[in-house]
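The first residue in the sequence is number 1, and the count goes up from there.
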Amino acid sequence: MLKIKGLRMNWKITMMSFGIVLFAICIGGIILIGRVVHLQEQELGQRLLVTARTVTQLPSIISGLTEQGHKQEINTVTERIRIINDVDYIVVMDMNGIRWSHPVSSRIGELSQGADEHSAFAEHTYLSKAKGEQGTALRAFVPVMNEQHEQIGVVLVGKMVPGLKGIILDMRGQIYVTVLLSLLFGVWGSWMLSRHIKEQMFRLEPEEIAQLLVERTATFNAMHEGVIAIDSREYVTVFNDKAKNMLHIEGEVLGRPIREVLPDTRLPEILQLNHAIFNQELHIGPAHIMSNRVPIKVGNQTVGAVAIFQDRTEVTKIAEELTGVKAFVDALRVQNHEYMNKLHTIGGLIQLDHKQKALDYLFQTMEAQSELSSFVSSKIVNENAAGLLLGKISRGRELGIDVRLDRASRLMQFPDNLDQHDIVVILGNLIENAFDALKDKEGKREVFISIEQDDEVLSMMVEDNGIGMNEETRQHIFERGFSTKSTENRGIGLYLIQNIVNKCGAHLEVESELGAGTSFMLSFPMNKRKEDDRDVQSRTD
């Protein structure tokens, strides 16, 4: 057994094919020889019947059975016919069962006691097999009839049936040629097949392929990145442990359709695009990932696609928190600058001995700031969003931009799939884009912010009266890296907003006109599952 295991694959295939061919030859030979024996018996039986009928028609046989003086001629006649027709014996019996011809002369005149003879004395013609000391004989029985159509005797013609050994010896030449050619071509075909299989498997042995598979699986599972691969039919071929942990997938997924495992997957589109997409941020299931997706090609044919990705969920949250902290720092800096100016104003009024005016200005400033802070803190339940709005309003005053918050605004809870980090990204980037659009604006510069919420939807709008956009710019603003500014590291904000919109199933609408400003309007369903159910119901109706 160990020696067989140690053999190379081409020898194993050759030996197995040799054994199969040899087994097939043996089975085929047995069936063929059995058929040959059957045909030979049929042919022999017909020949024996013809011989027996010939004997029954001879006048000397008829006269020998009817006339007492001619009985001695029967054996002489039948012996000549036996030799001519190459049969083992011809026995002629009268109606009393007495033999008047027989190869053994001592048995002539004796009573025949065969078990298969009785039907012949009732005018029946038939074939019968009888087993004797020398083997099995095939015997033909034909009744002898006189001119008055009366039965006067029976002719029995018999010949030994050739045995299996005799048939094989007779056919040994054909058997040798058939076996030799079959084995020769079988071994040659097996060797060529094994060579072809080896070439297809890069000349690797099965145990080497198994080892490579084990090593490949271990390597993928040891990687810090998630790896998912599919074939051309979109069935999963690789899904490492890191990918399962990132995407919260349990159980065996190999061999299953990728859309069944991950309904919101973006990997199959690589099969249609037939080119790689690098460094794209995606929301797949609960995870925010940075993905590289590449088609798998063999020659010029795309046979699958692979995605290698990293989990950016925590990193994104940290970055957004840092963005929020930066916004608070900017807000504090602006407030510090603003309060310094106010203190200088109050100090100047006191120096001019306008104490009452200084007090009025102080109270007016305190009431305005207190009223705004109180409104924002009561209507915007999330501290990060509230702090961001206060900071942007202060930042607008520093830039000479009137930032107005709709007094009907309220944000008491987050919709499904939307959290405080997403709100910070959306509001922060939209307001900063509005500030950029107002830099070159002459005259009054305004930014209007509205946040409305009910049980069904959360709506946000950021509108400015800046320079606006043309149609070409509108078509590209959500592309990663696209920006109308020449500054590096721009063109990310609106791209991130688009990803959040796609993740939440929200609606985003942009209205803009050159010289007339721009407005961004977003609508987020409060309950995504209910929204999906309504969509299904409307399509059903």
Side-chain angles (χ1 to χ4, degrees), residues 283 288 316-332 334-335 372-373 375-399 401-438 445-454 457-466 477-478 490-504 506-512 517-526:
H283 287 275
H288 180 200
T316 301
K317 289 182 179 180
I318 293 173
E320 290 169 356
E321 289 176 0
L322 290 176
T323 301
V325 171
K326 184 176 182 297
F328 287 128
V329 171
D330 289 341
L332 290 173
V334 171
Q335 287 182 356
L372 177 63
S373 299
F375 169 75
V376 172
S377 62
S378 63
K379 297 297 183 180
I380 309 299
V381 70
N382 181 259
E383 297 84 355
N384 288 347
L388 178 68
L389 289 173
L390 289 173
K392 293 300 182 184
I393 292 172
S394 300
R395 171 67 174 164
R397 283 199 294 266
E398 183 184 29
L399 297 174
I401 299 172
D402 183 15
V403 180
R404 293 184 292 116
L405 179 62
D406 185 4
R407 294 299 170 165
S409 296
R410 63 190 297 267
L411 176 62
M412 307 309 293
Q413 67 181 52
F414 294 116
D416 292 350
N417 298 329
L418 194 71
D419 55 26
Q420 62 180 3
H421 310 289
D422 298 327
I423 293 292
V424 168
V425 170
I426 293 171
L427 289 176
N429 282 288
L430 290 180
I431 296 172
E432 282 298 324
N433 285 348
F435 288 168
D436 289 340
L438 292 168
R445 299 186 292 176
E446 296 178 327
V447 174
F448 180 73
I449 304 170
S450 175
I451 304 173
E452 298 182 5
Q453 183 181 52
D454 56 28
V457 66
L458 168 65
S459 300
M460 293 188 289
M461 183 180 73
V462 177
E463 184 177 31
D464 65 72
N465 65 339
I477 56 174
F478 296 108
R490 300 297 294 267
I492 301 297
L494 291 179
Y495 170 77
L496 294 177
I497 292 174
Q498 182 67 57
N499 284 342
I500 296 173
V501 168
N502 293 337
K503 177 188 74 170
C504 300
H507 176 70
L508 172 61
E509 184 177 349
V510 182
E511 295 182 0
S512 184
T518 302
S519 64
F520 288 85
M521 291 161 284
L522 299 94
S523 298
F524 295 89
M526 292 299 296

From CG (Leu508) to OG (Ser523), nearest 0.5 Å: 9.0 Å
Apply side chain to side chain contact (heavy atoms under 4.5 Å, CB included) to residues Glu432 and Lys392 and explain how you reach the verdict. CA-CA 8 Å; Glu432 282 298 324; Lys392 293 300 182 184; 2.4 Å; yes
Stepwise, does the side chain to side chain contact (heavy atoms under 4.5 Å, CB included) test hold for Ile477 with Phe520? CA-CA 12 Å; Ile477 56 174; Phe520 288 85; 4.2 Å; yes
Would you please test Leu430 and Leu494 for side chain to side chain contact (heavy atoms under 4.5 Å, CB included) and show each step? CA-CA 8 Å; Leu430 290 180; Leu494 291 179; 4.0 Å; yes
Donor-acceptor contact below 3.5 Å, side chain Ser409 vs main chain Ile451: yes
With rounding to the nearest 0.5 angstrom, report the CG to CE distance, Leu411 to Met460. 8.0 Å
Is there a donor-acceptor pair under 3.5 Å between the side chain of Arg445 and the backbone N or O of Leu399? yes
How long is the span from the CE atom in Met461 to the CD atom in Glu509, to the nearest 0.5 Å? 11.0 Å
How far does OG of Ser519 sit from CE of Met521, to the nearest 0.5 angstrom? 3.5 Å
Go through the structure and list residues passing salt bridge (charged side-chain N to carboxylate O under 4.0 Å, His left out) with Asp406, not counting sequence neighbours. none
Here the pair of heavy atoms bringing Val403 nearest to Gly396 is CG2-CA, 3.8 Å
Out of curiosity, Gln453 CD to Ile380 CD1, how far, rounded to the nearest 0.5 Å? 9.0 Å
What's the verdict on side chain to side chain contact (heavy atoms under 4.5 Å, CB included) for Leu388 and Ile431, showing C-alpha distance, side-chain angles and the deciding distance? CA-CA 10 Å; Leu388 178 68; Ile431 296 172; 5.6 Å; no
Close side-chain approach of Ile497 and Leu522, heavy atoms under 4.5 Å: yes
Pairwise distance CZ(Phe448) to CG(Asn465) - rounded to 0.5 angstrom: 12.5 Å
